[in-house]
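One-based numbering along the sequence shown. The shown structure was predicted, so the numbers you read here are calculated from the model rather than taken from an experiment.
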Amino acid sequence: MSGYVGARGNGLRSIETSGGHSVILLHKGWNCWLDDECLDGGADIDNDEGSPAYSSYQPPVNDHADGVLDQLLDDLRTELQQTQKESLAEDSVDPLTDSAEDVLRTMEYGEVLHVVGSDQKEGSADPPLFPGSKRNLGVVVLLLVCFMIRFRLSNETMQHLLILLQLLLPDDNVLMRSMHTLKKYLQNLTHLPVVQYYCSNCYQHIGKDAVTCPNELCMNDLKQSGSVSYFVCHSLIHQLQVLFRRASFTDTVRTHRFQHYKQKKDGHIQDVYDGEIYMDLFERGVLSNPDNLSFSMNTDGVAIFKSSKVSMWPVYMLVNELPISQRKARENTLFYGVWISSKKPVMWSFLKPLHEELAKLENGMEFEDHKGSRFVCAANLLYCTCDLPAKCLVSNSVQFNGQFGCWHCLQPGENFRTERGGNVHVFPFNHEHPAGPERSQESIQNDVKATVENIQNGVRQYMVHGIKGPSWLMYLRHFNFAHGFVIDYMHGVCSGVTKLLINLWFSAENKNQPFSFWQGRQKVCDLLTSVKPVISVTRVPRSLDDLSFWKSSEFRNFLLYWGIPILKGVLTSAYFQHFCCLVRGISLLSREDISPNDVTQAEACIHAFVEQFETLFSKRYMTMNIHQLLHLSTTVKQTGPLFCNNCFVFEDLNGYIVSHIHGTQGIDTQVIHTVNLIQAIPILREKFDVSSSDLEAFTLLNSWDNSGHRKWHCISPGIFRIDGIKQRKISVEASQKIGSCGFWTLSNMVKSWLRIYIKHSSSFVYASSYHRLVQRDQSTIKYTKDDSCAYGSVQNFIEVEDLQGHLQSVAIVTPFQVEYNDRDHIHLVNPMEEIDIVNVQYIIGACMHIEADGEHFICEIVNRYDVD
């Protein structure tokens with residue numbers, strides 16, 4: 001990215017002139033608020049007339065800005081050539097040097113309006129790889145793209161791989177000779193990005209050919225080197241057209257939400273469709289049309305290199321009408337754009353193109369499905385999930401640690417003076433209105449109007465109730481900007497509240513505090529490293545010595561699973577019960593099926609936790625993360641369970657994209673190229689289906705995406721045996737128990753196996769005799785018995801016959817004694833010295849078994865979707 005000088009701001013903008021003087025400027029974008037019609041019509045923000053009048057502003061057009069970008073490309077080419085001369089081993093290729101016209105072609109915004117049709121003729125057959133080859137070009141491209149994504153290969157590596165393949169293939173082959181031609185092939189399936197320019201001095205959005213900054217108070221000469229910066233956008237409209245050409249996507253989004261409503265229980269919350277925001281638009285006819293869609297949005301900064309301040313701010317969109325597992329899949333994620341800079345993005349410029357596209361989609365646009373049928377789709381933004389700093393930028397509000405920093409209520413908080421002389425903004429528990437008074441769309445509109453009037457009148461403290469000014473999302477017709485900003489429990493609860501509690505209890509700096517349990521720290525470390533989680537938990541527990549390196553998923557697992565078993569013998573009763581309130585509240589709001597009573601209980605538990613927090617610890621720690629817990633139950637009622645709208649999936653996407661960045665040149669184009677590859681794979685899979693025609697290619701693809709089930713054998717509806725059958729000897733006691741349960745075997749030598757997969761719970765179960773699993777325990781199960789639920793440890797899976805001579809698959813289980821409570825997910829149990837014979841069709845799924853201080857705990861998995 002080209003460099004720029006200046007400091008961000010919202011409304012009031014501070015820039016540094018060439019003479020070193022700081023000047024306060026008023027952003028050009030505010031001019032729309034200075035006329036009486038806009039000021040008096042604040043309530044018309046979400047009217048049916050679309051965007052405000054200023055959104056149609058077009059800057060002057062000329063030919064001078066092209067020279068700025070050309071100079072940038074020349075500089076990058078020169079730098080890359082010099083770097084390659086110095087070190088041939090450098091794993092860095094600048095896509096601008098070999099495919100600038102293809103990867104970063106500059107397009108005017110109007111070009112994205114034509115989305116019907118394709119550059120590549122549908123149904124046109126690809127040629128064979130070479131005369132006589134049994135595979136055509138498309139299948140080979142699919143294999144190459146999957147190979148590149150799976151092993152995170154750089155463009156340079158792929159370039160050399162293509163050269164190597166040319167040496168091995170016949171001369172008359174049609175395989176691409178370079179990455180340039182491979183990208184051109186893929187661009188027929190996806191679409192090119194759009195470059196959006198802004199003034200480096202005041203961040204005003206400008207046209208491609210602008211000579212002077214249109215900000216009347218800036219008027220920067222854009223012909224000067226470094227005066228123009230840019231960010232890269234990917235048209236949502238074009239990406240939607242690509243998705244609609246996939247039969248699986250189109251058929252699913254048109255049917256899934258209606259199937260959900262047919263099966264759901266009245267008043268229960270199971271997905272975003274049960275949230276009040278979605279149901280309101282469904283009842284109003286906006287989302288009851290099967291062709292219409294809705295989005296969930298996220299943006300956050302992620303560091304790209306450890307040795308640089310440069311960060312990447314991508315914006316993602318999830319399609320809510322897909323099932324949760326497909327909704328969070330990379331290939332179904334829409335990618336609006338990326339801002340790459342050493343400074344945070346200016347959302348007024350960065351989100352302007354996004355608003356323009358979303359405004360068009362709200363009104364409906366014509367698309368073409370996989371059958372060639374044209375239809376009108378209206379797509380709406382419903383939710384925005386960000387961490388607290390990003391939410392403040394997107395909503396154009398005061399920082400979360402400032403007065404009126406809570407977006408959900410009007411509690412101002414207060415300043416707290418620490419013992420070291422510092423200041424912390426805290427939100428003490430309000431006994432009269434714990435979570436109120438609530439913000440509403442009308443109140444926020446009034447605050448925006450009052451803020452603009454203060455700016456117009458030159459008021460120094462111009463913000464009203466923490467509102468700095470308007471946000472682009474406020475102008476979307478169906479976005480509820482009071483409740484649409486979802487509380488992210490990944491940052492707020494997991495790496496926020498949970499991390500705070502662990503530090504307060506066990507950090508050295510607090511060991512003299514009354515709430516410290518420093519003396520139990522080593523015991524907690526030992527118990528943590530002894531825990532054997534299930535295989536869906538990818539990170540085994542680490543010691544508190546590594547607390548600074550814990551990921552958010554590790555804090556979540558501590559909170560929901562091994563926190564209670566480990567802390568039961570460490571914390572005093574008051575602190576342990578206080579922690580249990582938080583665990584119970586969060587677990588109830590994270591369930592796959594949340595009843596109205598669950599919401600009520602969760603709200604009571606969380607309120608008790610926040611109310612007691614100041615007494616047990618100190619007012620100094622009543623920060624925003626603690627306060628916003630009070631709004632979690634409302635968030636769930638408005639937008640669905642906690643697993644629907646959190647940042648785990650987006651953090652995974654950020655890490656995935658960063659892992660495909662090789663070298664410091666052309667970062668934005670590398671990001672766009674990775675996104676194009678991800679989105680092209682499912683299209684290639686549907687277009688060139690090799691599941692039946694090419695078994696070798698199909699097997700290879702499955703081995704790369706870990707989806708191969710070629711060894712799985714169905715032993716009961718929805719239950720699969722993973723490994724092979726062996727003859728194993730069972731005990732006399734087991735043989736007698738088998739007979740008493742109505743089964744029989746010819747001898748103590750039976751057909752046996754060690755692993756199964758249960759489809760309905762997405763759960764693997766391994767027998768305890770499977771010795772290759774060292775740091776995990778996958779043998780503990782929950783199963784039904786006598787119309788109730790029971791728990792046990794699987795010794796073995798065997799094949800028996802029932803009294804009618806039919807073969808049955810059963811598990812030999814060592815049961816636990818437990819008093820079952822279906823509202824709790826953690827149970828104190830006792831192992832029993834007996835055996836149960838359980839038909840595999842009665843197994844519900846795997847659980848975690850944790851032993852601490854001689855006590856045994858069973859932890860049920862709260863939901864299938866919050867996985868590492």
Side-chain angles (χ1 to χ4, degrees), residues 1-3 72-73 75-77 79-81 83-84 86-100 102-104 144-162 178-180 182-183 186-187 190 192-195 229-234 298-316 330-331 333-345 350 390 551 647 649-681 704:
M1 298 293 293
S2 58
L72 174 64
L73 299 182
D75 293 343
L76 290 177
R77 290 189 183 97
E79 182 179 348
L80 179 63
Q81 292 168 359
T83 302
Q84 289 177 331
E86 294 173 357
S87 175
L88 293 176
E90 176 71 16
D91 187 20
S92 173
V93 172
D94 182 4
L96 296 177
T97 63
D98 61 354
S99 57
D102 298 317
V103 181
L104 266 186
L144 285 173
V145 171
C146 290
F147 182 74
M148 182 178 183
I149 288 293
R150 171 63 179 83
F151 297 103
R152 303 173 182 177
L153 303 182
S154 66
N155 286 350
E156 184 181 15
T157 304
M158 284 298 297
Q159 177 70 45
H160 287 286
L161 176 61
L162 291 172
S178 66
M179 280 298 295
H180 171 79
L182 177 59
K183 290 174 184 177
L186 295 176
Q187 285 161 12
T190 59
L192 296 172
V194 181
V195 177
S229 297
Y230 67 91
F231 56 89
V232 181
C233 295
H234 224 185
N298 167 269
T299 185
D300 193 10
V302 54
I304 302 177
F305 308 110
K306 295 181 179 179
S307 59
S308 172
K309 294 182 179 180
V310 174
S311 63
M312 171 183 74
W313 284 73
V315 176
Y316 303 110
R330 297 186 186 112
E331 62 268 19
T333 302
L334 299 177
F335 180 84
Y336 155 65
V338 59
W339 177 291
I340 298 175
S341 175
S342 59
K343 297 184 179 181
K344 294 181 180 179
F350 187 33
K551 301 296 184 181
C647 287
V649 60
F650 302 113
E651 291 290 317
D652 176 69
L653 276 168
N654 285 339
Y656 186 79
I657 290 177
V658 168
S659 69
H660 285 84
I661 295 177
H662 303 276
T664 60
Q665 300 297 318
I667 298 172
D668 43 7
T669 57
Q670 293 186 64
V671 172
I672 291 294
H673 178 52
T674 301
V675 172
N676 280 341
L677 290 178
I678 294 171
Q679 294 178 342
I681 289 175
W704 288 340

- Item | Donor-acceptor contact present, side-chain S342 to main-chain V310, <3.5 Å |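 No, S342 side chain to V310 backbone: no donor-acceptor pair under 3.5 Å.
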- Task: Indicate yes or no for a side-chain donor-acceptor contact from Q670 to the backbone of H662 under 3.5 Å, with no hydrogens or angles considered.
- Result: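 Here the side-chain-to-backbone pair exists.
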Pairwise distance [atom1]([X]) to [atom2]([Y]) - rounded to 0.5 angstrom:
| X | Y | atom1 | atom2 | result |
| --- | --- | --- | --- | --- |
| H180 | L162 | NE2 | CG | 13.0 Å |
| M158 | L182 | CE | CG | 6.0 Å |
| W339 | K344 | CH2 | NZ | 13.0 Å |
| I304 | I661 | CD1 | CD1 | 4.5 Å |

- Item | Pair Y656-I678, side chain to side chain contact (heavy atoms under 4.5 Å, CB included): steps then yes or no | CA-CA 11 Å; Y656 186 79; I678 294 171; 3.4 Å; yes
- Under the ring pair (Phe, Tyr, Trp, His ring centres under 6.0 Å) rule, collect the residues that match up with F305, sequence neighbours excluded.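 Not a single residue meets the ring pair (Phe, Tyr, Trp, His ring centres under 6.0 Å) criterion with F305.
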Is there a side-chain contact between [X] and [Y] in this structure, where contact means two heavy atoms from C-beta onward sitting under 4.5 Å apart?
| X | Y | result |
| --- | --- | --- |
| H660 | L677 | no |
| Y336 | T299 | no |
| I681 | E331 | no |
| F335 | I672 | yes |
| I149 | R330 | no |
| V675 | H234 | yes |

- List the steps and the verdict of side chain to side chain contact (heavy atoms under 4.5 Å, CB included) for L161 and M148. CA-CA 10 Å; L161 176 61; M148 182 178 183; over 6 Å; no
- Task: Compare every heavy atom of V338 with every heavy atom of M312, then report the nearest pair and how far apart it is.
- Result: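 Looking at all heavy atoms of both residues, the closest pair is CG-CG2, 3.2 Å.
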- Message: So which atom in A390 and which in W313 form the shortest heavy-atom distance, rounded to 0.1 Å?
- Response: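 Looks like CB-CZ3, 4.0 Å.
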- Query: Can you list the steps and then say if N676 with L186 is a side chain to side chain contact (heavy atoms under 4.5 Å, CB included)?
  - Reply: CA-CA 8 Å; N676 280 341; L186 295 176; 5.9 Å; no
- Query: When V232 is tested against each of V194, D668, I340 for side chain to side chain contact (heavy atoms under 4.5 Å, CB included), which residue passes?
  - Reply: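 With V232 as partner, V194, D668, I340 yield a single side chain to side chain contact (heavy atoms under 4.5 Å, CB included), made by D668.
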- Under the side-chain contact (heavy atoms from CB on, under 4.5 Å) rule, collect the residues that match up with T333, sequence neighbours excluded.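 Result, side-chain contact (heavy atoms from CB on, under 4.5 Å) vs T333: Y316, L318, L653.
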- Would you please test K551 and E651 for side chain to side chain contact (heavy atoms under 4.5 Å, CB included) and show each step? CA-CA 11 Å; K551 301 296 184 181; E651 291 290 317; over 6 Å; no
